[in-house]
Amino acid sequence: MLIIMDYNEVMNFALKKGFYFPSCDIYPDKSAGFWEYGPLGVNFKNNFIELWRRELIRRDEILEIDGSQIMSKSVFEASGHITNFADPIIKCKKCNSTFRVDELIAAKTKINMTENESLQKYDELIKENDIHCPKCENEFLKPSRFNMMFCIGIGPENETAYLRPETCQSIFVDFPRLFKIMRGKLPFGVAQIGKSFRNEIAPRQSILRLREFYQAEIEIFCNPNKLNSLTKSSQISNTIIRIHVDNTTKIMSCKEAVNSKTIPNMFIAYYIGLLTEFYAKTGIDMAKTRFRKLSENEKAFYSESSFDFEVKTTVGWLELVACNYRTNYDLIRHANISKENYSIVDYEDKIIPHVFEISMGVDRSLYSILEHSLKNDIGNKRILLSLKPYLSPIYVGVLSLLKKDGLEEKTNQIYSQIKKNFVASLDHSGTIGRRYRRLDEIGTPFIITIDYQTLKDQTVTIRMRDDMHQIRIKISEVESFLTTNAF
RNA sequence: GCGAAGUUAGUCUAGUUGGCAUGACGUCAGCUUCCCAAGCUGAAGAUCACGUGUUCAAAUCACGUACUUCGCACCA
């Protein structure tokens, strides 16, 4: 009987095994929202990224770049982050409580406020309407803006620059160059995986809400006039997707989703189909997932159509991927501010391409996979992490049945044969059952055991993690077994 | 940032009229064991989150700081 485990148990598991843990932990001035991946976590993350490359990047012939994490102020003037990525806030003089000014005014006066008014305007409205701190009824300080970007100073003059709050901006900035040198044709996909930084007011829940986090973003540049004539869309037209609209989750094929206008066009449906196939391969329970169509007021201001890929976990629905049809907002902004030419010719059309974005939160994805894979296997008295073999941090265990009569030496020999091609773990200590359990807990799918028969006929047993069954194969066949069973 | 609760070895935990810390699991070594967390022996591991104060004496009392968890706003 397999029992699922909740957030706290997954968290304890991750800490205990060193998948991830708080950064700067031994110092009292450490800040929340910074976490590190330990040895197992790094392997797991790398395997996840490799799957992303395999199933999205290479499959869809997308180009990958690796941009700067520090970007100049102009980039974020163009992108709108300097004005839009900042919340207008106001602080109470006495109790120091912080509120969103626009929301406070809207609540007290019924005036419909936006977050983009001038600070002066907010200040006037606070004074005119005699608004006081809702908590202690005292006066407010002047309104200010809290920008969620980390601002840094470059060089001796401390020139203002920012840690990127999303990885996609370098893709937009680089687009004209990339399109030319890579002999681009629309649709043209560029991807990037790396760190992004946001100065969250209150980071919470370990790697689910970080100030420094991994994003894997794909930006597809396309011709807006050809959104229903994507030739490769036949690859996914029958893929079953789960779309959440008007508070219900509808299960249908990509083709049906477009025909019923649930998804606006085949172009978006194609990528939602690809993403569905990708996440199915991560081992996430797809019955607990949905693409939620965002309503008008939930969408980012630049997005014409947005779907969030969400996964149900023990802490509720988690947003793993934001899919946004960003139109040509970003490219036009960068074109206008930089004076760079962003228009391209797509057959007879001279256009500034539109952008469809698949913005994936890597850390959250890793957590969701862990939570959906970690089970308490009561009957077998073990913790079982049933990761897909290609995601497992340790791919194969190499164990001696006993440590005597030459078994240890034989085991070491087999281990050194395979350790360069596979992430392997060698262990002689304690009883065999304990060693099996330890590897089950970190998701190792295969375990080679060297026993007395090995010495006689050059065979070993391979134990399968999930059902604990063993097969016996020749030592000479071990490598091909491990290779063919990866996927 | 605000409010509430919490912080004792890698993990969980005992300690509640103030007297330098209990147990378990895990880890390591050895013995045993021809396949699934057994057993035996031994070892390492805690200036009780950090700082200041009260006291002859602080894990224990007071104050402050940090972090964690839960609620509010923001969000991949």
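The chains referred to below are lettered A, B, ... by the order of the sequence lines, with proteins before strands, and numbering in each begins at 1.
With hydrogens and angles ignored, a donor-acceptor pair under 3.5 angstrom links the side chain of Arg437(A) to the base of rC36(B). In this model, a side-chain donor or acceptor of Asp451(A) finds a partner on the base of rC35(B) within 3.5 Å. For Arg434(A) against rC36(B), a side-chain-to-base donor-acceptor contact under 3.5 Å is absent. On a pure distance criterion of 3.5 Å, no polar donor-acceptor pair joins the side chain of Arg209(A) and the base of rA76(B). Applying the 3.5 Å distance criterion, the base of rC35(B) shares a donor-acceptor pair with the side chain of Gln470(A).
The nearest heavy atom of RNA chain B to Ile383(A) and to Arg364(A) marks one nucleotide each, and the one closer to the 5' end goes with Ile383(A). For Glu441(A) and Asp308(A), each mapped to the nucleotide of RNA chain B holding its nearest heavy atom, the one lying further toward the 5' end belongs to Glu441(A).
Nucleic acid contact for Lys404(A): sugar-phosphate only, since backbone atoms but no base atoms lie under 4.0 Å from a heavy atom of the residue. Among the heavy atoms of the strands lying under 4.0 Å from Thr461(A) is at least one base atom, whether or not backbone atoms are also near. Within the nucleic acid shown, Leu210(A) comes within 4.0 Å of at least one base atom, counting heavy atoms only. Within 4.0 Å (heavy atoms only), Arg463(A) reaches at least one base atom of the nucleic acid. Within 4.0 Å of Ser359(A), counting heavy atoms only, lies no atom of the nucleic acid at all.
Pairing partner, rC63(B): rG51(B), with both Watson-Crick or wobble hydrogen-bond distances short of 3.5 Å. Under the Watson-Crick and G-U wobble criteria, each requiring two contacts below 3.5 Å, nucleotide rG3(B) is paired to rC70(B). Pair assignment for rU17(B): none, as no Watson-Crick or G-U wobble contacts are both less than 3.5 Å. The partner of rC12(B), taking Watson-Crick or G-U wobble pairs whose two distances both stay under 3.5 Å, is rG23(B). Pairing partner, rU33(B): none, since no Watson-Crick or wobble contact has both distances short of 3.5 Å. Checking rA58(B) for Watson-Crick or G-U wobble geometry (two distances, each under 3.5 Å) identifies no partner in any strand. Base pairing annotation: rC28(B) forms a Watson-Crick or G-U wobble pair with rG42(B), both donor-acceptor distances under 3.5 Å.
To the nearest whole angstrom, the two P atoms, one in rA49(B) and one in rA73(B), are 34 Å apart. Only the C1' atoms considered, rC56(B) is 15 Å distant from rC20(B), to the nearest whole Å. Between the P atoms of rU16(B) and rA29(B), the separation comes to 38 Å (whole Å). Separation of the P atoms belonging to rU11(B) and rG3(B) is 29 Å when rounded to the nearest angstrom.
As rounded to whole Å, 16 Å separates atom C1' of rA76(B) from atom CG of Asn199(A). Remark: C1' of rC35(B) and CG of Leu407(A) are 12 Å apart, rounded to the nearest angstrom. Protein atom CG of Asp427(A) is 17 Å distant from nucleotide atom P of rC36(B), rounded to whole Å. One can place CZ of Arg292(A) at 13 Å from C1' of rC75(B), the figure rounded to the nearest angstrom. In this structure, Met5(A) atom CE and rU11(B) atom C1' are separated by 13 Å, rounded to whole Å. Distance CZ (Phe446(A)) to P (rC36(B)): 21 Å, rounded to an integer number of Å. Regarding Met11(A), its CE atom lies at a distance of 20 Å from the P atom of rG6(B), rounded to whole Å. Atom-to-atom, CZ of Arg438(A) to C1' of rC36(B) comes out at 13 Å; the value is rounded to the nearest Å.
Between Phe13(A) and Phe19(A), the distance from one ring center to the other falls under 6.0 angstrom. Tyr271(A) has its ring centre less than 6.0 Å from the ring centre of Phe267(A).
Distance from the side chain of Lys403(A) is smallest for rG30(B) among the nucleotides rC35(B), rA76(B), rG30(B). Among the nucleotides rA29(B), rA76(B), rC35(B), the one closest to any side-chain atom of Ala322(A) is rA76(B). Proximity note for Met148(A) (side chain, C-beta onward) versus rC35(B), rC28(B), rC74(B): the nearest is rC74(B).
Salt bridge Glu217(A)/Arg164(A): absent, no basic N to carboxylate O contact under 4.0 Å. Under 4.0 Å is where a charged nitrogen must lie from a carboxylate oxygen, and between Asp466(A) and Lys375(A) no such pair does. A salt bridge links Arg472(A) to Asp451(A): one of the charged nitrogens lies within less than 4.0 Å of a carboxylate oxygen.
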So Glu371(A) and Val311(A), side-chain contact (heavy atoms from CB on, under 4.5 Å) or not? Walk me through it. CA-CA 11 Å; Glu371(A) 197 194 285; Val311(A) 173; over 6 Å; no

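In this structure, CD1 in Ile65(A) is found 13.0 Å from CD1 in Ile193(A), a value given to the nearest 0.5 Å.
Ring pair Tyr279(A)/Phe48(A) is tilted by interplanar angle, where 30° to 60° counts as tilted.
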